[in-house]
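Reviewing the structure listed below.
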There are 2 protein chains.
Amino acid sequence: MSGTELTERAQLLLKNLVEHYIRDGQPVGSRTLSREFSMGLSPASIRNVMADLEDIGLIHSPHTSAGRVPTVKGYRMFIDSLLTIQPLEQGLVSDWMQRLRNSEDSERLLASASHQLSEVTSMAGVVMLPRREQVSLRQVEFLPLSHNRVLVILVVNEKEVQNRIIQTERSYSAAELQQIANYLNQLCAGQELRRVRESLLNELDDTRSHMNQLMADAISMAQQAFSQDEDEDGLLLAGQTNLMSYDEMSNMDKLRKLFDAFNRKRDILQLLDQSLHADGVQIFIGEESGYEVLDDCSVVASPYRVDGKVVGVLGVIGPTRMAYDRVIPIVDVTAQLLGSSLNQLK
Amino acid sequence: MSGTELTERAQLLLKNLVEHYIRDGQPVGSRTLSREFSMGLSPASIRNVMADLEDIGLIHSPHTSAGRVPTVKGYRMFIDSLLTIQPLEQGLVSDWMQRLRNSEDSERLLASASHQLSEVTSMAGVVMLPRREQVSLRQVEFLPLSHNRVLVILVVNEKEVQNRIIQTERSYSAAELQQIANYLNQLCAGQELRRVRESLLNELDDTRSHMNQLMADAISMAQQAFSQDEDEDGLLLAGQTNLMSYDEMSNMDKLRKLFDAFNRKRDILQLLDQSLHADGVQIFIGEESGYEVLDDCSVVASPYRVDGKVVGVLGVIGPTRMAYDRVIPIVDVTAQLLGSSLNQLK
DNA sequence: GTTAGCACTCACTAAGATAGAGTGCTAATA
DNA sequence: TATTAGCACTCTATCTTAGTGAGTGCTAAC
């Protein structure tokens with residue numbers, strides 16, 4: 001805000017204060033800092049610096065006779081320019097890779113990632129499912145149901161299956177549907193789903209005149225089937241209950257609202273979406289997220305890549321007062337490992 | 001326990017006490033009961049009766065100078081023989097039916113039921129998914145994947161689709177798989193899944209000698225595919241967060257354990273399973289359930305039927321102190337409506 | 001059998017009193 | 001000029017104390 005440059009001493013002080021507060025959870029006072037602070041300064045001097053920090057809005061006193069606590073702005077500065085990233089525990093990464101290797105299908109892999117995140121950090125883990133943009137159609141099957149309905153089975157991306165039900169104008173025999181499927185498979189198999197939609201339109205124009213009725217039906221069915229978007233919510237959550245053990249979260253009313261948000265998923269997804277195009281780990285501290293339910297939380301998120309292209313975001317949600325120095329590398333590594341695992345799986 | 005018969009007065013007193021406690025949530029004393037009790041009795045007389053009730057273990061005093069609170073045994077007697085079932089609110093049933101009519105597939109229908117339950121009661125709603133015993137196979141499809149894996153698509157019960165991946169010894173061409181599928185469809189289509197398994201065994205015996213290799217492969221594949229059971233957890237929960245608003249649930253530690261149990265689902269499923277063969281609404285009060293996490297909760301559950309056969313259980317979970325007279329008919333009606341809706345949908 | 005009366009228990013609340021942590025300010029110091 | 005010791009002050013947290021009120025059990029009278 002104000003162009004005020006912080007002296008090096010003030011920065012160091014802030015760093016120590018935040019670190020101390022993250023460890024203890026108690027407001028930290030000048031005396032404590034003076035004692036545990038390498039650079040020998042008296043409490044009085046420290047008080048002077050603290051007063052400055054408070055003026056700039058980096059720290060704040062719950063009441064006159066309490067120590068200081070970092071504000072959101074304080075955390076922000078701490079994370080952006082003061083943080084010493086902790087090296088990852090030996091074994092965590094290999095443990096990780098081992099577990100990932102056990103998941104055979106991508107769904108489980110993603111679920112496993114979110115569980116890992118929550119377990120290792122004792123907070124809530126989130127994994128936004130990979131975007132389905134570049135799904136390529138492998139095969140289409142149609143099966144007749146009663147009441148002029150048709151079950152459409154789409155096999156995409158080698159091994160994923162989507163089922164849709166469409167309503168037709170008349171009933172079709174199994175043989176007719178088989179024909180239609182053959183026609184469509186021939187036409188579209190192997191293409192990306194969004195291209196399939198284009199192809200269908202072209203086909204419709206190209207051959208409108210000399211097309212038989214069945215083909216026309218085929219195309220209209222396909223359009224119906226492909227226009228339905230997946231109704232999945234696209235977010236995997238794990239370890240929400242971990243949050244119940246934090247003192248900061250003991251307000252039942254707020255906690256309920258947070259859990260409700262978890263269940264709705266919408267807000268969380270929207271927030272994570274903001275990290276889709278970020279480069280590396282991104283952090284939302286308290287109110288920074290813009291979602292009231294997350295006011296007492298921080299979100300540490302990172303996009304993950306498949307084939308070098310960002311397809312999703314993962315991260316953790318926990319109290320603002322968390323061990324960022326540990327959590328950040330965990331999220332970072334997890335994103336990388338998940339990406340490469342997904343790659344191998346493909 | 002002791003063959004002690006309760007006098008009619010004692011029963012009435014217990015009834016009033018429990019009703020009052022359920023309304024207010026406060027221990028109720030002799031004075032209160034005397035005042036609000038139709039039969040004119042002085043506090044002193046009431047105290048005598050209460051002392052008796054406490055001796056039998058139906059009520060209990062948190063401390064000397066507090067009123068009385070029903071024990072589990074007290075609730076049990078209240079529910080079993082004293083409860084006056086409340087008539088259902090006008091409109092609730094029709095509202096219900098309307099909402100159910102909007103769900104087209106059974107999955108949504110079940111989810112809707114559990115949401116309904118939680119909303120109407122302000123507690124947690126649970127719906128155990130219908131048992132899949134009598135699923136009948138409609139069609140099988142095979143698709144080759146890489147690395148000698150085959151994607152098996154099972155269409156069952158008209159409109160449900162299950163996907164499985166099996167590992168084969170060699171790789172098969174699409175044409176071969178098509179042949180295998182044809183053979184299996186001819187052999188098994190329309191049969192119930194458990195019979196399919198039998199059929200496969202017979203077929204294997206019958207024709208072992210003059211069977212060609214491909215058929216043998218087909219059967220072994222089918223066995224692999226059908227032996228995998230569904231990995232779904234089979235329980236729909238809704239409105240868990242409702243429970244966070246009850247004073248009785250303000251102990252964060254217990255609450256967390258409860259939520260963890262919800263996530264695990266196993267215990268809840270096991271408990272509900274006990275109601276599968278019950279006739280009508282069944283109630284587990286506090287420790288009666290046998291699950292420690294449910295010590296402060298009651299579960300009101302009812303089986304629901306399709307075609308006259310019980311296929312699942314639904315119900316609500318809430319604090320022991322709940323309005324049983326309202327909740328019981330709600331669960332009851334919901335079970336009936338869900339059953340008939342599922343019937344229609346079939 | 002019922003009830004009025006009474007002594008007693010116990011949780012809850014309010015009101016001091018005390019201790020402890022931490023602050024800001026001022027004046028002395030290096 | 002930057003640092004620090006000293007001090008008065010503020011505010012929370014905790015403990016004690018006393019008082020209040022709801023409710024009980026028992027006994028004796030009705």
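So that the names make sense, note that chain A is the first sequence line, chain B the second, and so on, each numbered from 1. Since this is a predicted model, take the numbers as computed values, not measurements.
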Determine yes or no for a side-chain-to-main-chain donor-acceptor pair under 3.5 angstrom, with [X] supplying the side chain and [Y] the backbone.
X	Y	value
A/Thr121	A/Leu117	yes
B/Asn242	B/Ser118	yes
B/Lys15	B/Ser81	no

From the options [options], select the nucleotide whose nearest atom is closest to the side chain of [X].
X	options	value
B/Ser65	D/dG21, D/dT3, D/dC11	D/dG21
A/Thr32	C/dG22, D/dT24, C/dA11	C/dG22
A/Met50	D/dA5, D/dT24, C/dT23	C/dT23
A/Leu41	C/dA11, D/dT4, D/dT12	D/dT4
B/Asn48	D/dT24, C/dC10, C/dT3	C/dT3
B/Arg47	C/dG20, D/dT24, C/dT23	D/dT24
B/Ser45	C/dT3, D/dT12, C/dG24	C/dT3
B/Ser42	C/dA4, C/dA11, D/dT10	C/dA4
A/Thr64	C/dG22, D/dC11, D/dT4	D/dC11

Which pair of non-hydrogen atoms, one from [X] and one from [Y], has the smallest distance, and what is that distance?
X	Y	result
A/Gln282	A/Ser275	OE1-OG, 2.8 Å
A/Ile317	A/Cys297	CG2-CB, 4.2 Å
B/Thr71	B/His60	CG2-CB, 3.5 Å

Rounded distance (Å) that lies between atom [atom2] of [N] and atom [atom1] of [X]:
X	N	atom1	atom2	result
A/Asp55	C/dT23	CG	C1'	14 Å
B/His60	D/dG23	NE2	P	16 Å
B/Asp52	D/dC26	CG	P	12 Å
B/Arg31	D/dT24	CZ	P	10 Å
B/Leu53	D/dG25	CG	P	12 Å
A/Ile46	C/dG24	CD1	C1'	15 Å
B/Asp24	D/dG23	CG	P	11 Å
B/Arg9	C/dT2	CZ	P	4 Å

Would one find a side-chain N or O of [X] under 4.0 angstrom from OP1 or OP2 of [N]?
X	N	result
B/Ser61	D/dG23	no
A/Arg68	C/dT23	yes
A/Arg35	C/dG22	no

Inset, instruction - Map A/His63 and B/Pro62 onto DNA chain C by nearest heavy atom, then report which one ends up closer to the 5' terminus. - result: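 In this pair, the answer is B/Pro62.
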